[in-house]
Every structure is written in C-alpha cells, then in structure tokens.
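Below is one structure, written out as structure tokens; the observations come after it.
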Number of protein chains: 2
Amino acid sequence: MASIKDVAAEAGVSVATVSRALNGHPSVSPAARARVLAAVETLGYRPNAVARSLRTDQTRTLGLVISDVMNPYFTELARSVEEEARALGYSVIIGNADERPDLQDHHVTTLLDRRIDGLLVSPTDGGSPRMLDAARAGTPMVFVDRWIPGVDVPVVRSDGRNAVRDLVAHLHGLGHRRLAIIAGPAATTTGRERVDAFREALAAYGLPLPDACIGQGDFQAGSGRRVTEGFLDLPEPPEVVFAADNLMALGALDAVRARGLRVPEDIGLAAFDDIPWFVHTDPPVTAIAQPTRELGRAAVRALVERIAGRAGESVTLPARLVVRRSCGEPDGPAPHQSPSPVRRSTP
Amino acid sequence: MASIKDVAAEAGVSVATVSRALNGHPSVSPAARARVLAAVETLGYRPNAVARSLRTDQTRTLGLVISDVMNPYFTELARSVEEEARALGYSVIIGNADERPDLQDHHVTTLLDRRIDGLLVSPTDGGSPRMLDAARAGTPMVFVDRWIPGVDVPVVRSDGRNAVRDLVAHLHGLGHRRLAIIAGPAATTTGRERVDAFREALAAYGLPLPDACIGQGDFQAGSGRRVTEGFLDLPEPPEVVFAADNLMALGALDAVRARGLRVPEDIGLAAFDDIPWFVHTDPPVTAIAQPTRELGRAAVRALVERIAGRAGESVTLPARLVVRRSCGEPDGPAPHQSPSPVRRSTP
DNA sequence: CCTCCTCGTGGAATCGATTACACGGAGGAT
DNA sequence: ATCCTCCGTGTAATCGATTCCACGAGGAGG
C-alpha cells in the first residue's frame, strides 16, 4: 500500500508538503498542491488512519457498549448513534455486552486500548472498576438509557414516569385492579425505575403491588416466560402483566400462549419499549414508546461536547404511552380520558 | 496515560525488555519479568493498540459491512460474527449500509483506511470500484449472504432452493394456485436467486409466474407494502404472497390489514428469513429459516483463513421451511407430506 | 587458561503520519 | 541598494510500540 513517502517521491516534493496539501494547510503553492493531488490519484493513495491517530492522539472513533444488540430497542439506538456520529465525522465501534458484566468489561477494555476518543455506555451492572477508573481518569464518556449513580458523567435517557402513570390510568379505566410487573435487573437503573414508577402510579389509585406481583427478570425473553408462568400459577393470577422491556413481553406472550390462554381476554399485557413488531403481534401490544432516535443523537452530541473539552449536558426526554389492544378494549361508549396526552395508535 | 517508557523507567529496565516481558518472549529473566509486571500493575499500564498496529501492520480487527442492521436477520448475523471473531481474538467494526451503495462505499473506505485485517461484506449492489480494487489488491475478504459474481472471494451463504421447493409444495397441497412474489433488488444475488428458485418450483407444478405476480421490492418494509397494495388491486389478486425477506413481509402484513383483509383467509403470506417475531404475529408466519449463526461463524473462519494467507473456503448451508399458519391450514385430515423434510414448528 | 556459546539485556531503527523550526528567495518599504 | 517580511518548502523530531543487532557476563568444553 502506498505511503506518504511514495506520494512525495511521485510528486517531487517532501512528505511535509504532501501532508500539508492533503490537510488543507494554507501555505502550499497551487502548483505543488496540484502535483500532490495528481500523485495521490495515480498511486491510489489513502492516508493510514493508524499512523495519523498515533501522531495526533485522536482516532475520530467513538465506542458504544450496548446491553444487548438483539433487543430491537438497542438496535435502533445503535443505528441512530452511528448516524449522528457519521454526520459529525466519527466512526463508532459497537460492543455487545449481552447483559453480561464480564463481556461489558471486555469491550470497555479493548475500546480503551484502541484509544477511542469517547465512550457511550448503557451499563449492564453497577460498573466495573475499569469503567469507573476511565471515567475518573477523564475519558470522555456519556451514559445512555441506563446510568450509574454517583459517577460524574452526563446521562441521556428517557423518563417513563408519566407514561407509566398514563398506562396505569388506562388499565384502571379498563377495570383492571390486580396488576403485576416483570421487573428488570435491580443492578440497572431502568430495572429499578420502572418498578418504582409502576408502584407509585398504582398507589395513586389506591392499588397495592404485593411482592407476589413483582417478578424478577433480566431483560431477556426467557425470564419473561418464567416469571409469567409463575404469575399464572398464582391462586389469583394478575389481570394484567406489565413487562419492563420488549423482550420480556415477548416471553410473556409465549408463556400465555403455551397455556392455551388468550390476550387480552384471559390476561392483559403491556410493555416498556415500543417496537415495530408490536403492531403485528396477536394482539397488538400496548407499549410505552421511547424517543429512541433522539436519544441516540443527543447522546452523541453530548459526547462530542465532552471530547471538545466542554461540559456536555445530560438530557431527559419523555416517553409516551401507545395504546393498542393487549390490555382489553373499553366496553363503555367513550374511552377513559387520562389527564396527560395518550396517543391511540392508528391501525 | 502511561506508556511503555514509563513502565521501563518504573521497572528499571529498557523498553525492549518491557515489550518482551509483556509479549511472552522467552529470553527475559524471571526477575526482570516480575519487576515489569509489578510496574505495569502500579501504573495501570495498558499497551497502546494504535502504536502496536502501526508497527506490526495488523489491527486484529475485522470489518463487517452489512446491508441493513435494523433487519433482524442481519442483526443476528452481526452478532454471531462478533462472537466468533472475539473467540478468535479479533474485534469487529460494523458498518451499516442501509441498502444504500453510497453508504456501503463510505464504510468500505473508512474500514480500509483503518487498516482492518479483513473485510466481511454482504454487498448492497454490484460492488463499488473501491471494493473491487481492494479485493483485487489482495485485501482479505469474504462475502456473506450476498455476493458479487466474477470476483475471486469466498462466499458464505445459505441455499434456499430446496426450502422454496418445499414451500411451493406446501402451498400447492393447500390448494393454492395463484402465487405471487415480492422480489428483492435485482442488483443483489439473493434478490435474483429467490425469484428464480420460486419460478422453478412453480414450473415443477405447472404453475405460471406472470409478470403481474412479480413485484419489485428493495428488502425494506415500505416496498413490501406498496407491492402488496398493487397485488390487491389486481383484477384477480394472488392467493398467496411470498416476500423475499422478513421486512417486506412485515410491509405486506401492513397492507393486507390496512384493507381490512385477513391472513390467511383472504390472502396467504410466506417469507424468506425466519425471525423470533414471526411466531407471535397474527397469524404466525410461515417462513424459510436460514442457519444464521452458523453462517456468521463460517464467514469469520473463512476470513481468518484468508488473513493467515490460506485459501478460505466458500460455504453453502441449506435453509429450511418452517410451516406456520399464514398460508392456511389443511382441511383434510392428514396434511400434505412433501418429499423433503418439512418441519412443523411447535407453538 | 582460553575460546566459544548461550542468555539476558539495551540501543536504535522502524512503522506512517503531523508539525515545529530553519532556511532561501521574492517583493515591498525606506 | 539594503533590509525586513512573508511565503513556500524541507529537515527532522515525535507519537508508542516491536524487533534487529551488538554486547557483556558466565558457563561449558578443550
């Protein structure tokens, strides 16, 4: 592969002039610039990004360590992150943690070894020493979706509190009283917050959330299935199950169907995270939609700010309820109107 | 960040000895090795992968340029590629082409600039000059899923011919005669092959495939919707629509539902690519499943062979039909038994 | 006791870029 | 005509690793 020396030789100038010509440095004569460009053309020269990075100490690369790529929510997040990064002149290297702290740590380590300019993380757990060290050492970093309390790093996430309140209002209006939740791992902020928000919203309606109605999941489909089976085995099963993410909702759907029961007639189902497929499931699933694209963009912008040495602000965007048919339909003439805007999705 | 010089100073040895100690070179005294390791520990030293790459001319990184990350099939492929690569000591940089040749080209270029050791591509089109140049220049490269004829690069893909034959047998057994297909872009091999296989299979049953029953799609949901609307507007709409990928099937489902029609009563639907969601759609979708995980693994292994300077063989794995309910159910007592093994998915 | 290996080690070149510094020549001001 | 500025250019240092080569010490063999 041709190097800058070859170009210099071909153009009859020094490597310094080649470098300057290629980087738009002002003091290069038009003649020299033309000769360099011609040489580049004939040799098919492309600058070696590795060498450039070593010298300039910047890779123009962002690292993204994501909890689980197979989760459509995170896939979309990754996509929007890459889009915004590309628009800003950065590449992104994605590491899939698969909800495993050890894998998360592996990816953080290799990304840091590669001297990425900044790191975007949706932490799977409380944070490995390596990650916390990096944050403390000043590696530009932003948390997205999930975060770790007590670490001085901007957080870009959505707030589902109002949407969960809307959901409970919707369920209450439908006459449901025994509500259960499939929670995410307590080690994650989203895992805890969604349970808290649910409990609070229930309390506002004077409804209890007994321990038997809190199932511990891990954001994967399998756990959704197991927890739902437990709910169905209860002497008095819940009327509606709220899954704290879309994969666990998928597992819940599996479990219900495996028993030969129907949604929503036998048991209702709602999910956190809206994904295209929820429109097409049987029945379409009522879900809480996050502004995923905007989250990805905001996270990249905050990170690039940090890289530039500026503050990089935390961003919280509201989620919203999307009502479909999986929790039952109002039999009264007018549907219950909740105080906050509740969008009814068109079929 | 601590460099090898700092470690050398701390340990009281030369940088050469540090490098040797860290890379398991045999001629380092136990004493020196211990001092180096201790120094590494106290300084929290991590080798700079950028510098190492520059010197050794290898990045231990693979590039993966994928047609569309939001397509669950490719997401799974990307995941299995990363898994196998990690097992072999490589990192993966994923570039999402979004079915756009210009984006594909952009990613190939930046990956090459970063001096990745090898490139995995599922080409969106006939191949940009840059990609063909790279292949000709000897960049280790493997095509996965799709390929470009006439380029000397191993291909790892699945063969859907038999599965498509099984599908047509299944449809014929159900009494369907007017069959239509939503094709992929003619610029892609999978786009062409699936139509060809479908046409051949139909011919074996003496069924025609008139032009009106071939809709041109682009592997995205929107095109599936448009093409299906066209089919429904036909004076004699087809009895079953076969979508050449899962996203176009999703679009087709949309279009059918928008008209207030039902699957499979009013029109049947089948898809190439099986994905977890097809079990949960209304109705569950009959699909052709590719051995996605194995494809990803085989592709990485072939690429690593190429990087090592060996041949790297092409691999073709069979796809198989998974029958669900979206094409109708046999009304006779015993379902039609096709000659090849047809798996009936468990609910 | 001398020679020859082997072993552990350090010095320095190298990878391919960027960039500080030096330098020669052209042109303007005096 | 002389001096001073720029302007364009080249030389060389530098980034952080790996690795070739040389060298000194110590042990084995003659």
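So you know, we letter chains A, B, ... as the sequences are listed, proteins then strands, and number each from 1.
Between A:Arg146 and A:Glu99 there is a salt bridge, since a side-chain N of the basic residue sits under 4.0 Å from a carboxylate O of the acidic one. With salt bridges taken as basic N to acidic carboxylate O contacts below 4.0 Å, none links A:Asp98 and A:Arg100. Using a 4.0 Å cut-off between a side-chain N of Lys or Arg and a carboxylate O of Asp or Glu, B:Arg130 and B:Asp133 do not qualify as a salt bridge. In summary, A:Arg301 and A:Glu305 do not engage in a salt bridge, as defined by a charged side-chain N under 4.0 Å from a carboxylate O.
Rounded to whole Å, atom C1' of D:dA17 lies 13 Å from atom CG of A:Asp113. Rounded to whole Å, atom P of D:dA12 lies 13 Å from atom NZ of A:Lys5. Distance A:Leu43 CG to C:dG16 P: 14 Å, rounded to the nearest Å. Between the CZ atom of B:Arg55 and the P atom of C:dT14 there is a distance of 9 Å, rounded to whole Å. Between B:Asp6 atom CG and D:dG16 atom P there is a gap of 8 Å when expressed in whole angstrom units. Rounding to whole angstrom units, CE of residue B:Met1 and C1' of D:dA17 are separated by 15 Å. Atom CZ of A:Arg114 and atom C1' of D:dG16 are 16 Å apart (whole Å).
The side chain of B:Ile4 lies closest to D:dT18 when the candidates are D:dC15, D:dT18, C:dA17.
Distance alone, capped at 3.5 Å, places no donor-acceptor pair between the A:Arg157 side chain and the A:Thr316 backbone. Panel note: side chain B:Asp117, backbone B:Leu62; no donor-acceptor pair is recorded below 3.5 Å.
Using modelled atom types and a 3.5 Å distance limit, the side chains of B:Gln104 and B:Asp125 yield a donor-acceptor pair.
Of the residues in residues 45-54 of chain A, A:Leu54 come within less than 4.0 Å of DNA chain D through at least one heavy atom, sorted by number. The stretch residues 15-40 of chain A touches DNA chain D through A:Ala16, A:Thr17, A:Arg20, A:Ser27, A:Val28, A:Ser29, A:Ala32, each having a heavy atom under 4.0 angstrom from the strand.
Here the OG-CZ distance, from A:Ser14 to A:Arg20, works out to 6.0 Å after rounding to the nearest 0.5 Å.
Take A:Asp6 and apply the side-chain contact (heavy atoms from CB on, under 4.5 Å) test, not counting sequence neighbours, and it matches A:Ala2, A:Ser3, A:Leu43.
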